[in-house]
Amino acid sequence: MPSIRNSLSHTVRHTFRLILPVLALLAVAGLGVSFVTTRSARAWFEGELHTRARLATSAAGESIVRAERTGDPEAMARLLDAIVRDERVVAAAVCNARGVLAARTALLPAGNTLCSRAAGGAELPSSKVPGTTTKAVSSPTYISVVPVAADGVEQGHLIVLQELAPAREREALIRRGALIVLVMLALAFWVLTIVSARLTSIGWVRQLARALRGERMAGRGPGANSALLEGVRALAQRSSAAALEGDPDGRWTRERLRHVLAEHVGDAGVVVVANREPYIHEYRPDGSIEVQHPASGLVTALEPVIRTCSGTWIAHGSGSADRVTSDKDGRLRVPPGEESYLLSRVWMTDEEEQGYYYGFANEGLWPVCHLAYARPTFRTEDWAMYRRINQRFADAVVAEVSIDDPIVLVQDYHFALAPRMIREQLPEATIITFWHIPWPNSERFSICPWREEIIDGLLGSSIVGFHTPAHCNHFIDAADTFLESRIDRTTDAVVRSGVPTLVRPYPISVEWPLRKLEGVPSPEICRREVMQELELREDAILAVGVDRLDYTKGIEERFEAVERLLERNPSMRGRFSFVQLAAPSRTTIPRYRELRESVELSVQRINERFGDEQYRPIILLREHHEPERVFRFYRAADMCYVSSLHDGMNLVSKEFVAARSDEQGVLILSRFAGAAEELPEALIVNPYDLEEASEALERAAFMSSAEQADRMRQLRAVVAQNNVYRWAGRMLFDAAQLRQRARRNVTLDEHHTPGGVARA
């Protein structure tokens, strides 16, 4: 009952708000109509009374003049009595030409006031003169003063007093009638408005419900849904995804993601396509095989997700022992000991890898997409190899799926052509392509000779995802610039050949809580062990950097900031040490070999300048590091410096925050990393500005424990909330919505096909 009363109350309030302005307008109009009607009626009635007085004068005028000339007062009285026999006439009087009262009836006051005014022309036919009624006359009167003439000469005036009450009654009757008509019109307008609004809302609700279900309007074309309905549908989908924000505290968890997948994805058969595999099998020098975890942000983010959904990960089998650890089709269950998902390896020759991966992907696309002052190199033979390998991975997807409409997650710039190739073979698949690196503006992207093919390949996706809204906007602008397409700003979609591709920001993150920390000691133990390993003094200030050796990471600028710090603050020499965990990367590319040599020379120069036999300002550990070792350094460090010159997101920053369960340590973060938008409590710096960067290092070194804890608590809250399960959950939920919509449209098409036969 309370809910019903509340609903009725809400309906009444809503209706009242809807009709109140109209009622106010009608009220003002009613007052205006009443005023105009009253004035018009009064003028008409007064004119009628004056006309009656003129008629009386016209009939008795000459007789009154003769009686006045002969001095016969009785005759004049009889004439006046005849005039007042009319039930509406109260009294009458005659004034001679000199303005003297010649005769009057009994109810007219004595005196020459009226006659003197009439003679002076002061009285108008419609005037009401005060004091003209007697006690015997209780109602208001109307006085008409009519000239009396004989032979064309005015001989005096006839004064006639008539009752106004009948006129006023008719005036009031007209006014009431007008108000009644207005009220009836207002009520009719109110009812019509409510009925029209209700009918309109019913139609809108029906259309909106169908749009939210993703259905096309029966009997209409594909563009039947209005832009507003499409916008509301998109907003509702995002709100639905937001409503799935995990536990009661709003946090996504592995269990919550598993529940969402079971409820909304079901038998979709999630397939991940990535160049890098999550587990690499390598031969040791003694012939035994070891399992390595690559230093990759993509693997860090995706591996917990694929574990949760028990799908398939298709990747390049790059390890020296990958073939012997897989079956004849390149498949094996991973992780070792858990075996929760399938790893399907795709093989390629050294020549193919050189052209596809090292050539086009990393000497062409990578420098085009990063503002890091590296000249892109494009070769026709590399492009041909890139196309070949993209087709090979697309074929691998088709071979792995068992249904017609799977959900396929294509990862990164290595597979820009794969979405279109997959679409051609699996037209009903829901394909999400996530671009892990920045997308440049159109002017910079125009450098690529095959820009149209790359954008068209990506538009084979159902959704294209980026880390930030800025990257989304750059991609939409590129599609608008280089392809014949339509941009739907309402739904943030690129429509190519009538098929829309949604463009969405999905900021990537890390697992929370990090299972990789399960075997890592406490921060206190980690610090003690790391200090012993590096042979540092107990009061040393330890900074850490964790990166692949890549020119976009700003490693050289990072070391120069350390050098500037020691120049500015000599007291920190011997105490401040920066340890760089640097995994070798793309060593066959000349630019990367040059970077490695330059970094090593910088380390040597700075250490020789400020160090000695016992002290090294910079400690470079250039080798592959397993996650357990990386997190030991995170927990041991006083600060972590991420100096990316241009980065899509950068997960090192989030890993460092997730590792600091002691709520200590300072994150120094480049403003050119996508993570800077989410983590403003870090010390945000421009890595090119050595003064600003060195000041941030100094500030971090001497920051109080209380301030560190305050900043770290806020950082950890953000990373915990926006974790990798939320990233994956939003993408997969959007994919599931599109998939369900496509299935309903197929059902609708079958229903409307003559004879119920499905269309091919």
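In this text the structure is predicted, and so the values were computed from the model without any measurement. When a residue number appears, it is its place in the shown sequence, counting from 1.
- Salt-bridge annotation for E424 and R420: absent, with no side-chain N of the basic residue lying under 4.0 Å from a carboxylate O of the acidic one.
- Side-chain contact between D647 and T552 is absent, with no heavy atoms from C-beta onward closer than 4.5 Å.
- Taking OG of S462 as the reference point, atom CG of L738 lies at 6.0 Å (rounded to 0.5 Å).
- Minimum interatomic distance between P419 and G457 (heavy atoms only, all atoms of both residues): CB-O, 3.2 Å.
- Taking the six-membered ring for Trp and thresholds of 30 and 60 degrees, Y356 and F415 have ring planes inclined between 30 and 60 degrees apart.
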* **Verdict with supporting geometry, Y506 and D734, side chain to side chain donor-acceptor pair (under 3.5 Å)** => CA-CA 11 Å; Y506 300 112; D734 288 348; 2.6 Å; yes
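- In this structure, H370 and H646 have perpendicular ring planes: the angle between them is above 60°, well past the 30° mark.
- At most 12 non-hydrogen atoms from other residues, nucleotides or ligands lie less than 6.0 angstrom from CZ of R375.
- Rounding to the nearest 0.5 Å gives a distance of 8.0 Å between CD of E453 and CG of L417.
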* So M348 and F393, side-chain contact (heavy atoms from CB on, under 4.5 Å) or not? Walk me through it. -> CA-CA 11 Å; M348 63 184 76; F393 273 82; 4.0 Å; yes
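- Within the 4.5 Å cutoff, the side chain of E511 has no heavy atoms near those of the N723 side chain.
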* D350 vs Y358, side-chain contact (heavy atoms from CB on, under 4.5 Å): CA-CA, chis, key distance, verdict -> CA-CA 10 Å; D350 292 342; Y358 294 106; over 6 Å; no
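- More than 12 heavy atoms of other residues, nucleotides or ligands shown are found within 6.0 angstrom of CZ on R444.
- Few gaps surround CG on D327; more than 12 heavy atoms of other groups in view lie less than 6.0 Å from it.
- Judged by distance alone, the side chains of T430 and R741 never bring a donor and an acceptor atom under 3.5 Å apart.
- Ion pair E352/R392 flagged as a salt bridge, since at least one NZ, NE, NH1 or NH2 atom sits closer than 4.0 Å to an Asp/Glu carboxylate oxygen.
- Within the 4.5 Å cutoff, side-chain heavy atoms of T588 are placed close to those of Q354.
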* From CA spacing to verdict: salt bridge (charged side-chain N to carboxylate O under 4.0 Å, His left out), R591, E363 -> CA-CA 9 Å; R591 180 68 179 86; E363 289 188 278; over 6 Å; no
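- Heavy atoms from other residues, nucleotides or ligands lying under 6.0 Å from CD of E351 number 12 at most.
- Under a cut-off of 6.0 angstrom, the local environment of CD in E443 is sparse, with at most 12 non-hydrogen atoms contributed by other residues, nucleotides or ligands.
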* Check step by step if side-chain contact (heavy atoms from CB on, under 4.5 Å) holds for D477 and W439. => CA-CA 11 Å; D477 291 341; W439 186 276; over 6 Å; no
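- Note: H467 and H436 have perpendicular aromatic rings, judged against thresholds of 30 and 60 degrees for the angle between ring planes.
- Side-chain contact between R345 and T325 is present, with at least one heavy-atom pair separated by less than 4.5 Å.
- Taking the six-membered ring for Trp and thresholds of 30 and 60 degrees, W366 and Y413 have ring planes inclined between 30 and 60 degrees apart.
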* Should E255 and Y725 be marked as a side chain to side chain donor-acceptor pair (under 3.5 Å) after you check the CA-CA gap, both sets of side-chain angles, and the distance that decides it? -> CA-CA 9 Å; E255 291 71 27; Y725 298 116; over 6 Å; no
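- With R331 as the partner, the salt bridge (charged side-chain N to carboxylate O under 4.0 Å, His left out) test is satisfied by one option alone out of E400, E277, E339: E400.
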